[in-house]
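Let me begin by presenting the structure, written as structure tokens, before commenting on it.
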Amino acid sequence: MSKQVRVRFAPSPTGPLHIGGVRTALFNYLFAKKHGGVFYLRIEDTDQNRFVPGAEEYIMEALEWLGIAPSETVGKNEKFGPYRQSERKDLYKQYADQLIASGNAYYAFDTTEALESWRKHYESKGETFIYNWKYNHVLDNSLNILPTETEKRIASGDNYVIRFKTPVNETLHLNDIIRGDIKFETNILDDKVLFKSDGMPTYHLANIVDDHLMETSHVIRGEEWLPSMPLHVLLYKAFGWEAPEFAHLPLILKPIGNGKLSKRDGDKMGFPVFPLEWKTEEGISSGYREKGFFPEAVINFLALLGWNDGTDQELFSLEELAEKFDLNRVHKAGAKFDPEKNKWFNHQYLQKQSDESLAKAFAPILSEKEIVVDNNKLIKIVSLIKERANFVSEFWEMSDFFFVAPTSYDEKAAKNWKEETPNLMQQLISVLENIGDFTSINIETIVKDWMTKNEIGMGKVMQPFRLSLVGALKGPHLFDIVELIGKDETIKRLEKAIATL
């Protein structure tokens, strides 16, 4: 590429960051890394009515946790700062005035009530009212009054907006990296508001001006912004600026049914749609971090929602993703969110963790239950159970019998407890009492020799033995459990089972 790649993620701080926004940030990050460029974050907070305290900090923290922090943002390498739009508001007026001067924009004084009246008037005639070339000649704007009258009304404090004057009878042939050539007819576009009399620009003007001044080379954003593409390209043309390249990403769709993935879908099906937990007076929305997902797993899962590298590979490090990422391989169609696949990715990354790090993550759960355990023993336990887990939070349920003797026995499994079982378990206790080297392999060898010598069927001993120690027919290799809980505890649990069952 001839010029330096500079891409941005430009969210509005109106609440927690949706997972769709995270994927947009990720694709921008990967594109920048692939081309040795810059990924920056701009906070688009011009709509102060929708501003939510804490949302900006949430966005920053989420990107940090996911490992895709921007190299330029608010308070960090502000090469083209400020990176918060509300702190740039003084510069937008000059660009709005520039469009007025060049004849590409005009002042409009219409009230909300007047516009509503016009809308009803034309609807009654079976027409759709759009504020553009078709109707702007009858509306209250500077296209229909003298310049001196316009100046007088502005000076007297009349409320106004500045609207873009959309060209008439033009066919725009625009290129989108993902969607190819797209055709737009200017006659069906409206004259969008660019600037309000309160001194604040609308999204469209601020976005274009900032992308230009911050030297954005590519605009990679969600497909919901596709209808804005013709206006944005026309604005670049009106300013005489070179437009960036555009790429509109497919939507992330509901797991079931049609439409865009929403928070309601997550609440209904029990999965998070936000990277971090979000608290409000209404309640708490769960986050990937608090649900126990690894950030690498979230990144890997999201990268494959709408993109693939053309192979069957599914597991990628962030570095591999950056190396292989190509916007030409992003799909046009929406990608269905699969909660089970989401968990599968976390399972894969959990298996990649060291037993030591997983034991460290498990330790606080045990501390809450006031269980103190030797670290080496805990590491060994984790190594035995992790293969079946998707999350560290599942470890307790999968391993509680290592720390606490069962207080009840699974009814279905208890059917394996026959009339001769107590006698066999008593004999087993005698065998165990005489074992010196109490290691898994040695215990297994001696117990199986005893069963063979006495012609005792495997099921007659092994199932009641496991039931006595675990309370159910679950858990890792039985003799590993025996070694870890120790001889005294093993015998104690067998005796309790004999007395109870």
Exercise for the section: Any chance you could lay out the side-chain hydrogen bond (donor to acceptor under 3.5 Å, both in side chains) test for Ser86 and Asp45, step after step, and finish with the verdict? Expected result: CA-CA 6 Å; Ser86 59; Asp45 60 343; 2.7 Å; yes
Exercise for the section: May I have the step-by-step check of ring pair (Phe, Tyr, Trp, His ring centres under 6.0 Å) for Trp307 and Phe27, ending in yes or no? Expected result: CA-CA 9 Å; Trp307 171 86; Phe27 281 15; 7.3 Å; no
Exercise for the section: Report the C-alpha distance between Tyr40 and Phe80 in whole Å, list the side-chain angles of each, state the deciding distance to 0.1 Å, and finish with yes or no for ring pair (Phe, Tyr, Trp, His ring centres under 6.0 Å). Expected result: CA-CA 10 Å; Tyr40 73 90; Phe80 297 102; 7.8 Å; no
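The ring of Phe129 has its center closer than 6.0 angstrom to the ring center of Tyr135. With ring centers used as reference points, Phe39 lies 6.0 Å or more from Phe9. You'll find the ring centres of His35 and Phe31 inside the 6.0 Å limit.
One finds the OG atom of Ser197 at 10.0 Å from the CD1 atom of Ile154 (value rounded to the nearest 0.5 Å). Atom CD of Glu394 and atom NE2 of His347 lie 10.0 Å apart (nearest 0.5 Å). Rounding to the nearest 0.5 Å gives a distance of 11.0 Å between CG of Asn132 and NZ of Lys192. Ile208 CD1 to Thr202 OG1: the interatomic distance, rounded to the nearest 0.5 Å, is 10.0 Å. In this structure, CD1 on Ile100 lies 10.5 Å from NZ on Lys165, to the nearest 0.5 angstrom. Taken to the nearest 0.5 Å, the OH atom of Tyr83 stands 13.5 Å off from the CD atom of Glu44.
Not one N or O on the side chain of Asp190 forms a donor-acceptor pair closer than 3.5 Å with the backbone of Ile130. For the pair Arg50 (side chain) and Thr46 (backbone), a donor-acceptor distance under 3.5 Å is absent. Checking side-chain atoms of Lys76 against main-chain N and O of Pro70 turns up a donor-acceptor pair under 3.5 Å. At distances below 3.5 Å, at least one donor-acceptor pair connects side-chain atoms of Asn346 with backbone N or O atoms of Asn390. The backbone N or O of His248 lies less than 3.5 Å from a partner atom in the side chain of Arg179, making a donor-acceptor pair. Although no hydrogens or angles enter the test, the distance criterion places no donor-acceptor pair under 3.5 Å between the side chain of Glu281 and the main chain of Gly283. Without hydrogens or angle criteria, Glu368 side chain to Ile365 main chain gives no donor-acceptor distance under 3.5 Å. Between the Asn187 side chain and the Val168 main chain, no donor and acceptor come within less than 3.5 Å of each other. In this structure, Arg163 contributes its side chain and Ala108 its backbone to no donor-acceptor pair below 3.5 Å. Put simply, the side chain of Glu149 never gets that close to the backbone of Leu146: no donor and acceptor are under 3.5 Å apart.
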Side-chain donor-acceptor pairs under 3.5 Å in residues 250-261, sequence neighbours left out?
{"residue": "Lys254", "atom": "NZ", "partner": "Asp265", "partner atom": "OD1", "Å": "3.2"}
{"residue": "Lys254", "atom": "NZ", "partner": "Asp265", "partner atom": "OD2", "Å": "3.2"}

Please tabulate, one pair per line, all N/O donor-acceptor pairs under 3.5 Å involving side-chain atoms of residues 289-300, not counting sequence neighbours.
{"residue": "Arg289", "atom": "NH1", "partner": "Glu61", "partner atom": "OE2", "Å": "2.9"}
{"residue": "Arg289", "atom": "NH2", "partner": "Glu61", "partner atom": "OE2", "Å": "3.1"}
{"residue": "Glu290", "atom": "OE1", "partner": "Glu277", "partner atom": "N", "Å": "2.8"}
{"residue": "Asn300", "atom": "OD1", "partner": "Phe316", "partner atom": "N", "Å": "2.8"}
{"residue": "Asn300", "atom": "OD1", "partner": "Tyr349", "partner atom": "OH", "Å": "2.6"}
{"residue": "Asn300", "atom": "ND2", "partner": "Glu314", "partner atom": "O", "Å": "2.9"}

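A 6.0 Å sphere centred on NZ of Lys34 holds more than 12 heavy atoms belonging to other residues, nucleotides or ligands. Counting heavy atoms of neighbouring residues, nucleotides and ligands inside a 6.0 Å radius, atom NZ of Lys352 does not exceed 12 of them. Lys152 NZ: 12 or fewer foreign heavy atoms inside a 6.0 Å radius. Around atom CD of Glu242, no more than 12 heavy atoms belonging to other residues, nucleotides or ligands sit under 6.0 Å away. Within a 6.0 Å radius of NZ in Lys336, more than 12 heavy atoms belonging to other residues, nucleotides or ligands are found.
Residues Leu234 and Leu172 meet the side-chain proximity criterion, which asks for heavy atoms closer than 4.5 Å. Residues Lys380 and Ser383 form a side-chain contact, since some pair of their non-hydrogen atoms from C-beta on lies under 4.5 Å apart. Using a 4.5 Å cut-off on side-chain heavy atoms (C-beta onward), Leu189 and Leu231 make no contact. The side-chain heavy atoms of Phe239 and Leu99, taken from C-beta on, include a pair separated by under 4.5 Å. Counting only heavy atoms from C-beta outward, the side chains of Asp47 and Thr14 never approach each other to under 4.5 Å. Two residues are said to be in side-chain contact when any heavy atoms from C-beta on lie closer than 4.5 Å; Gln85 and Pro201 fail this criterion. Contact of the Thr186 side chain with the Trp133 side chain is not registered, since no non-hydrogen atoms from C-beta on lie closer than 4.5 Å. Arg88 has its side chain within reach of Leu213: a pair of non-hydrogen atoms, C-beta onward, lies under 4.5 Å apart.
A salt bridge is absent between Lys120 and Glu123: the closest approach of a Lys/Arg side-chain nitrogen to an acidic carboxylate oxygen does not fall below 4.0 angstrom.
In summary, of the residues considered (Ile59, Leu17, Val273, Leu63), a side-chain contact (heavy atoms from CB on, under 4.5 Å) with Val22 occurs for Leu17 alone. Shown are Glu245, Glu72, Glu215; of these, the salt bridge (charged side-chain N to carboxylate O under 4.0 Å, His left out) with Arg6 is made only by Glu72.
Between the side chains of His218 and Asn28, not a single donor N or O lies within less than 3.5 Å of an accepting N or O. Tyr92 and Asp210 form a side-chain donor-acceptor contact under 3.5 Å, judged by distance and modelled atom types alone. Side-chain contact, Tyr131 with Asn141: a donor N or O sits under 3.5 Å from an acceptor N or O.
The shortest heavy-atom contact between His121 and Ser124 is O-OG, 2.5 Å. The shortest non-hydrogen separation linking Lys93 to Phe195 is CD-CE2, 3.4 Å. Nearest approach of Asn77 to Ser71, heavy atoms of both residues: ND2-O, 2.7 Å. Across all non-hydrogen atoms, the minimal contact from Ala389 to Gln351 is O-NE2, 3.5 Å. Nearest approach of Lys3 to Ser217, heavy atoms of both residues: CE-CB, 3.9 Å.
Considering only residues two or more places apart in sequence or on other chains, Asn328 meets the side chain to side chain donor-acceptor pair (under 3.5 Å) condition with Asp326. Under the side chain to side chain donor-acceptor pair (under 3.5 Å) criterion, Glu387 pairs with no residue at all, not counting sequence neighbours. Residues passing the salt bridge (charged side-chain N to carboxylate O under 4.0 Å, His left out) test with Asp309, sequence neighbours excluded: Lys324.
Residue pairs meeting the ring pair (Phe, Tyr, Trp, His ring centres under 6.0 Å) criterion with at least one partner in residues 165-193, sequence neighbours excluded, do not occur; the list is empty.
Ring geometry, Tyr203 versus His232: the interplanar angle falls from 30° to 60°, so the pair is classed tilted.
Note that Arg153 lies in the cation-pi zone of Phe109, set by a 6.0 Å cut-off to the ring centre and a 45° limit from the axis.
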